[in-house]
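Worksheet: one structure, shown below.
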2 protein chains.
Amino acid sequence: MGLAKTEMFTDLQNEIALFAKVFGHPARVSILQHLFKINTCVCGDLVEEIGLAQPTISQHLKELKHLGLIKGNVEGTSVCYCINQDNWKAMKKVMTEFLNQDLTQKQDCC
Amino acid sequence: MGLAKTEMFTDLQNEIALFAKVFGHPARVSILQHLFKINTCVCGDLVEEIGLAQPTISQHLKELKHLGLIKGNVEGTSVCYCINQDNWKAMKKVMTEFLNQDLTQKQDCC
DNA sequence: TCTGTTAATCGTAATATTGCAATAAACAAA
DNA sequence: TTTGTTTATTGCAATATTACGATTAACAGA
């Protein structure tokens, strides 16, 4: 159906899935890495840097912004994006806890 | 197009995206959490535990297995699944490095 | 005002994902 | 061998995602 049955899962499970989903495309991974590297708020150079069409990049930026991981600031005709550090930290906490869960028994059972 | 242009990204970016994608559905998050909790290799109780149809769970398990995050072991008529600890550790390293990247400048630029 | 620049939005095509009913496969026990 | 149990596979239908051309919006400078 293409439609996840979110109502049968906990808020945390859905939150983890939402964060993971936004990282589930290499273009968005690349955008984020670039924003971390070039901390002087890159705008539409991302289009050249990444090589996808402008509407496509704009769409990926929208998703990242929607989850709060980046901020956009209009500066004249161009828009300046950067990491939302507070929200990134909060996301990192949730995801790290998920990744760091550990087995009580150290031995594989199969 | 629904088709990601993976060839324009680095292997690492694609790897991160693949791992993230598999965590991008709450059912798979839930399955993994359950396997961590019940380390005595649960099999098809997952169907009852989670509440999706058996073919659906089977499909999610297949994806987790395909990425190497879980192992399956046939035991009579039932199949016993558990976390593949080595691969989980390797995945955790990749994802943690991505999450822990930091800005050289501490101040938001916009 | 007109022109150029930049980014967002709209519309659409191609592909992927999710979910499940129906079925098959694999095995244990009678 | 037959029967029941468990899991995988097949074949769909519904929805989501990805990508981009065309267009629009917003602004700066001439």
Quiz item: If each of B:His25 and A:Thr77 is mapped to the nucleotide of DNA chain C with the nearest heavy atom, which maps nearer the 5' terminus, i.e. the 5' end?
Solution: A:Thr77

Quiz item: Quick one: does B:Asn87's side chain have a donor or acceptor within less than 3.5 Å of a partner on B:Gly68's backbone?
Solution: yes

Exercise. Could you walk me through whether B:Phe23 and A:Phe98 pass ring pair (Phe, Tyr, Trp, His ring centres under 6.0 Å), step by step?
Key: CA-CA 10 Å; B:Phe23 299 141; A:Phe98 172 70; 5.2 Å; yes

Practice problem: Can you label the angle between the A:His60 ring and the A:His25 ring as parallel, tilted or perpendicular, going by 30° and 60°? | Solution: tilted

Quiz item: Atom NZ of A:Lys62 and atom C1' of C:dC10: how far apart are they, to the nearest Å?
Solution: 10 Å

Exercise. Respond yes when some side-chain nitrogen or oxygen of A:Tyr81 is under 4.0 Å from OP1 or OP2 of C:dT6, and no when none is.
Key: no

Quiz item: B:Glu75 has an atom CD; how far is it from atom P of C:dA29, in whole Å?
Solution: 13 Å

Exercise. Write down the distance between CD1 (A:Ile57) and C1' (D:dA19), rounded to a whole number of angstrom.
Key: 11 Å

Quiz item: Heavy atoms under 4.0 Å, any strand shown: does B:Leu52 hit a base, just sugar-phosphate, or nothing?
Solution: sugar-phosphate

Practice problem: Mind calculating the distance between NZ (B:Lys5) and C1' (C:dA16) to the nearest angstrom? | Solution: 17 Å

Quiz item: With respect to the phosphate group of D:dT17, does any side-chain polar atom (N or O) of A:His60 fall under 4.0 Å of OP1 or OP2?
Solution: no

Quiz prompt | Separation of D:dA19 P from B:Glu7 CD (nearest whole Å) | solution = 9 Å

Self-check item: Along DNA chain D (nearest heavy atom to each residue), the more 5'-positioned of B:Ser58 and B:Ala4
Solution: B:Ser58

Quiz item: On DNA chain C, nearest-nucleotide positions of B:Ala27 versus A:Pro55: which is more 5'?
Solution: A:Pro55

Exercise. Using modelled atom types only, decide if a donor and an acceptor are shared between the side chain of A:Asn14 and the backbone of A:Thr6 within a distance under 3.5 Å.
Key: yes

Quiz prompt | N or O in side chain of A:Thr56 less than 4.0 angstrom from D:dC20 OP1/OP2 | solution = yes

Self-check item: Whole-Å distance separating the CD1 atom of B:Ile70 from the C1' atom of D:dT7
Solution: 13 Å

Quiz item: Got a donor-acceptor pair under 3.5 Å from the side chain of B:Gln54 to the base of D:dA8?
Solution: yes

Practice problem: Find the distance B:Asn73:CG to D:dT6:C1' and express it as a whole number of Å. | Solution: 15 Å

Exercise. Name the nucleic acid region contacted by A:Lys21, choosing base, sugar-phosphate or nothing; use a 4.0 angstrom heavy-atom cut-off, strictly under.
Key: sugar-phosphate

Self-check item: B:Gln13 and A:Gln33: side chain donor to acceptor below 3.5 Å
Solution: yes

Quiz item: Between B:His66 (NE2) and D:dA8 (P), how many Å, whole number?
Solution: 15 Å

